[in-house]
Amino acid sequence: MKVYSTVVLAIVVVSCAVIEAKTFSKCELAKALANSGIAKSSLPDWICLVQNESAFRTSATNKNTNGSTDYGIFQINNKFWCDSSYGANDCKISCNSLLNDDITDDIKCAKLVYKRHGFNAWYGWKDHCKGKTLPSVDSCF
């Protein structure tokens with residue numbers, strides 16, 4: 001009976017974690033970014049960045065070769081930006097809070113990263129968006 005209860009509990013915990021994660025559509029993300037004060041003219045860059053960093057998934061993580069980890073829809077790195085007992089936590093945020101479907105704190109942190117380093121802070125943008133045709137968001141508004 002104890003083993004069965006443990007298995008059921010594990011399934012419930014995993015299900016709850018999955019329920020909180022979300023894959024945004026391009027337009028859904030564009031509207032959230034615009035509502036947070038990001039200029040419409042830069043939305044194609046942000047959409048391209050997210051498309052190439054996380055495929056619009058809030059639950060995305062990536063372990064880097066230097067031992068750090070990127071978290072969430074913007075792939076915020078724990079070496080500098082979020083708290084995981086690894087780095088500086090300049091965004092004053094828990095890395096795990098970047099993995100849920102509420103991206104308010106993710107956007108705030110991504111804006112800080114951008115303010116300090118521009119889009120060049122993200123390899124997904126540098127490798128796939130910089131100097132390339134960007135996705136249109138005109139149909140989103």
Side-chain angles (χ1 to χ4, degrees), residues 2-141:
K2 184 177 181 182
V3 172
Y4 177 74
S5 298
T6 304
V7 169
V8 170
L9 179 62
I11 290 170
V12 169
V13 169
V14 169
S15 296
C16 289
V18 172
I19 291 168
E20 288 186 32
K22 178 176 182 168
T23 300
F24 277 76
S25 71
K26 175 181 78 169
C27 288
E28 195 176 15
L29 181 62
K31 288 174 184 175
L33 292 168
N35 288 339
S36 76
I38 291 179
K40 284 189 179 180
S41 61
S42 67
L43 290 178
D45 283 293
W46 285 101
I47 296 299
C48 188
L49 178 155
V50 168
Q51 181 178 359
N52 288 286
E53 288 285 346
S54 67
F56 299 100
R57 293 178 301 115
T58 62
S59 62
T61 60
N62 180 59
K63 189 78 166 172
N64 299 303
T65 56
N66 69 356
S68 68
T69 303
D70 300 327
Y71 291 85
I73 196 163
F74 296 103
Q75 292 294 275
I76 304 293
N77 188 272
N78 69 338
K79 186 171 183 185
F80 304 105
W81 306 105
C82 63
D83 179 26
S84 68
S85 303
Y86 181 82
N89 193 12
D90 283 0
C91 288
K92 309 288 187 262
I93 189 171
S94 161
C95 294
N96 286 333
S97 71
L98 297 169
L99 300 175
N100 61 29
D101 63 352
D102 179 1
I103 63 167
T104 307
D105 49 1
D106 308 52
I107 293 172
K108 183 178 177 183
C109 186
K111 287 167 77 173
L112 178 61
V113 174
Y114 176 80
K115 181 179 178 183
R116 291 195 188 162
H117 303 284
F119 287 116
N120 284 314
W122 289 276
Y123 285 104
W125 183 85
K126 287 195 307 190
D127 295 342
H128 302 283
C129 307
K130 184 177 184 178
K132 304 214 167 115
T133 301
L134 298 172
S136 173
V137 296
D138 292 342
S139 65
C140 299
F141 298 95

Residue pair [X] / [Y]: nearest heavy atoms and the distance that separates them:
X	Y	value
L134	P44	CB-CB, 3.7 Å
S94	C82	C-CB, 4.2 Å
A32	I103	CB-CD1, 4.2 Å
G72	L99	N-CD2, 3.5 Å
T69	T61	CG2-CB, 4.4 Å
I47	A30	CD1-N, 3.8 Å

Heavy-atom neighbours of [X] [atom1] exceed 12 at 6.0 Å:
X	atom1	result
K108	NZ	no
K111	NZ	yes
K132	NZ	yes

Using atom types as modelled and distance alone, determine if a side-chain donor or acceptor of T58 lies under 3.5 Å from a backbone N or O of K22.
yes

Looking at N64 and N66, would you say the former's side chain and the latter's main chain have a donor-acceptor pair under 3.5 Å?
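Pair absent, no side-chain N/O of N64 close to backbone of N66.
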
Of I93, L98, D106, D70, the one forming a side-chain contact (heavy atoms from CB on, under 4.5 Å) with I76 is L98

Measuring from atom [atom1] of [X] to atom [atom2] of [Y], what distance do you get when rounded to the nearest 0.5 angstrom?
X	Y	atom1	atom2	answer
D45	K130	CG	NZ	11.0 Å
D83	D90	CG	CG	11.5 Å
T23	E28	OG1	CD	9.5 Å
F80	C91	CZ	SG	12.0 Å
D101	E20	CG	CD	6.5 Å
L29	C27	CG	SG	10.0 Å

Can you name the residues that form a ring pair (Phe, Tyr, Trp, His ring centres under 6.0 Å) with F119, not counting sequence neighbours?
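Result, ring pair (Phe, Tyr, Trp, His ring centres under 6.0 Å) vs F119: W46, Y114, W125.
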
Validate the cation-pi geometry between K26 and F24: distance from NZ or CZ to the six-membered ring centre under 6.0 Å, angle to the ring axis within 45°.
no

Heavy atoms, side chains only, cut-off 4.5 Å: are F141 and K40 in contact?
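The answer is yes, as the side chains (C-beta and beyond) meet within the 4.5 Å cut-off.
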
Evaluate the side chain to side chain donor-acceptor pair (under 3.5 Å) criterion for residues N52 and D127: first the C-alpha distance (whole Å), next the side-chain angles of each, then the deciding distance (0.1 Å), finally the verdict.
CA-CA 9 Å; N52 288 286; D127 295 342; over 6 Å; no

